Number of protein chains: 2
Amino acid sequence: MARRGDTIELAVLGLLHEGPMHGYELRKRLNLMLGWGRVLSYGSLYPALKKMLRANLITEVSTATTPTSRRPRIVYEVTPAGTEQFQRLMSEVGPTAWEDDNFDIRFAFFSSTDMEIRLRVLEGRRSRLQERLARVQAELARTQAEVDRYAGELQRHGVESVEREVRWLSDLIRAERGDEDPATAPATKPVGSD
Amino acid sequence: MARRGDTIELAVLGLLHEGPMHGYELRKRLNLMLGWGRVLSYGSLYPALKKMLRANLITEVSTATTPTSRRPRIVYEVTPAGTEQFQRLMSEVGPTAWEDDNFDIRFAFFSSTDMEIRLRVLEGRRSRLQERLARVQAELARTQAEVDRYAGELQRHGVESVEREVRWLSDLIRAERGDEDPATAPATKPVGSD
DNA sequence: GTTAGCATGTAAGGAGTTACATGATTTT
DNA sequence: AAAATCATGTAACTCCTTACATGCTAAC
């Protein structure tokens with residue numbers, strides 16, 4: 001089953017499917033990808049790569065040939081076992097899949113899965129957010145009178161943001177079900193209306 | 001200096017300023033407050049309370065009197081030292097203050113600080129987000145052609161969300177500088193236009 | 001030639017989750 | 001009477017960050 005820490009593994013496998021890469025580059029790509037929040041450190045990436053090597057999910061490819069001089073950079077490649085594991089993790093639909101970080105990673109690699117999985121992940125994520133929304137709004141209704149200005153404003157903003165995200169997900173779900181070509185007719189507004 | 005883990009401490013001190021509370025209740029309030037993301041567990045709250053007791057930031061008040069029978073629930077109260085520490089942490093303006101979680105907590109307790117601090121925190125947070133935005137958009141412009149559909153859509157949505165947050169902050173900053181009454185004339189739209 | 005960025009790693013430690021353990025009280 | 005929820009705690013463990021350590025290479 002997917003533990004929390006498999007996030008890096010999934011991300012690495014996903015990225016390496018776009019082609020061989022070395023650690024430093026992986027880190028940059030990952031930080032750009034989930035850049036809104038934590039930044040991945042070497043201290044967690046390199047050990048993770050070692051672990052994946054041992055598990056035979058990836059292999060070292062011959063050090064990349066920079067014409068002038070080959071400095072020691074280790075390029076990694078996915079093994080067949082790695083591809084299998086990637087597919088397995090991607091199709092694992094469950095609570096861990098709709099956590100913030102896990103969802104983002106999965107979404108970013110949606111192209112590598114089929115529509116059935118995509119829909120289940122999107123819908124799972126949406127209902128999770130809707131649950132939270134309902135719970136908070138219920139609680140908010142109960143204690144409405146007593147809230148502090150700023151605390152209240154924060155709540156309002158939070159609720160609005162989540163509602164926005166729900167709409168985004170709904171658009172994506174509709175696109176998945178309707179179009180063949182989801183991300184081309186994007187979420188909120190037609191192209192060029194910006 | 002404020003370490004990462006002082007988040008709970010700050011939150012507890014802030015909440016206890018609204019009145020004495022026991023652990024279970026603190027946890028509920030906190031989870032509602034930062035509910036969009038991680039949920040605080042007992043395993044981190046209770047040890048934190050113990051630590052704060054030892055540091056003399058809070059004290060146990062006599063077990064709350066439920067008329068029928070007083071079950072063993074431990075109600076905490078802030079000490080003068082705790083109030084001092086709270087003020088100190090709140091006015092500590094620095095990188096840690098504009099991290100997601102830390103910012104939220106600080107914002108929620110803005111009423112307990114003066115405008116000067118509020119402005120510095122809001123502006124600090126805003127420039128941090130703008131930096132990230134600029135960096136990502138630069139990177140995005142460089143690699144635009146090669147991005148995958150879904151990965152691209154995720155980026156777009158991320159950028160939009162952050163831009164929204166920047167606007168929210170700008171409105172709050174304007175309100176702080178202009179009005180006396182910031183959160184009453186709220187961010188995006190006038191009351192009742194919802 | 002020296003600074004800035006590329007590139008890889010390790011060791012120690014922090015912060016918090018999970019799972020366990022226990023018992024009272026309220027609701028059904 | 002059982003189930004749910006209130007209420008408090010502890011121990012083991014996981015994941016990750018920080019800080020350290022090293023050396024190459026490109027730009028200025």
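On a predicted model such as this, the values are computed, not experimentally measured, just so you know. First the proteins, then the strands, lettered A, B, ... as listed; each starts at 1.
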Is the closest basic N to carboxylate O distance between A:E160 and B:R164 below 4.0 Å? yes
Rounded to whole Å, please give me the gap between NZ in B:K51 and P in D:dG9. 17 Å
A:S44 side-chain proximity, nearest of C:dT17, D:dT17, C:dA7: D:dT17
So is B:R73 actually on top of B:Y24's ring, under 6.0 Å and inside 45° of the axis? no
Minimum-distance nucleotide to B:Y46 side chain [options: D:dT10, C:dG9, C:dT18]: D:dT10
Write down the distance between CG (A:L40) and P (D:dC15), rounded to a whole number of angstrom. 14 Å
Protein-nucleotide distance (A:D101, atom CG; D:dC16, atom P), rounded to Å: 9 Å
Can B:R149 be said to sit on top of A:F110's aromatic six-ring, NZ or CZ under 6.0 Å from centre and within 45° of the ring axis? no
Side-chain ion pair, B:E25 and B:R29, N-O less than 4.0 Å: no
What is the distance, rounded to the nearest whole Å, between atom CD of B:E99 and atom P of D:dC16? 17 Å
Whole angstrom value for the distance that separates C1' of C:dG5 from CZ of A:R73: 13 Å
Ion pair A:E165/A:R125, N-O distance below 4.0 Å: yes
Neighbours of DNA chain D within residues 17-29 of chain A, by heavy-atom distance under 4.0 Å: none
How long is the line joining CZ of A:R135 and P of D:dT5, in whole Å? 12 Å
So, are A:R128 and A:E131 salt-bridged, with charged N and O less than 4.0 Å apart? no
Out of D:dG9, C:dT8, C:dT17, whichever nucleotide has its closest atom nearest the side chain of B:I74: D:dG9
Need to verify one output field. Residue with the more 5' nearest nucleotide on DNA chain D, B:Y42 or A:L45? B:Y42
Between B:R88 and B:E92, does at least one N-O distance fall below 4.0 Å, as a salt bridge requires? yes
B:I8 CD1 to C:dA15 P, straight-line distance once rounded to whole Å: 9 Å
Side-chain N or O of A:K50 less than 4.0 angstrom from OP1 or OP2 on C:dT10? yes
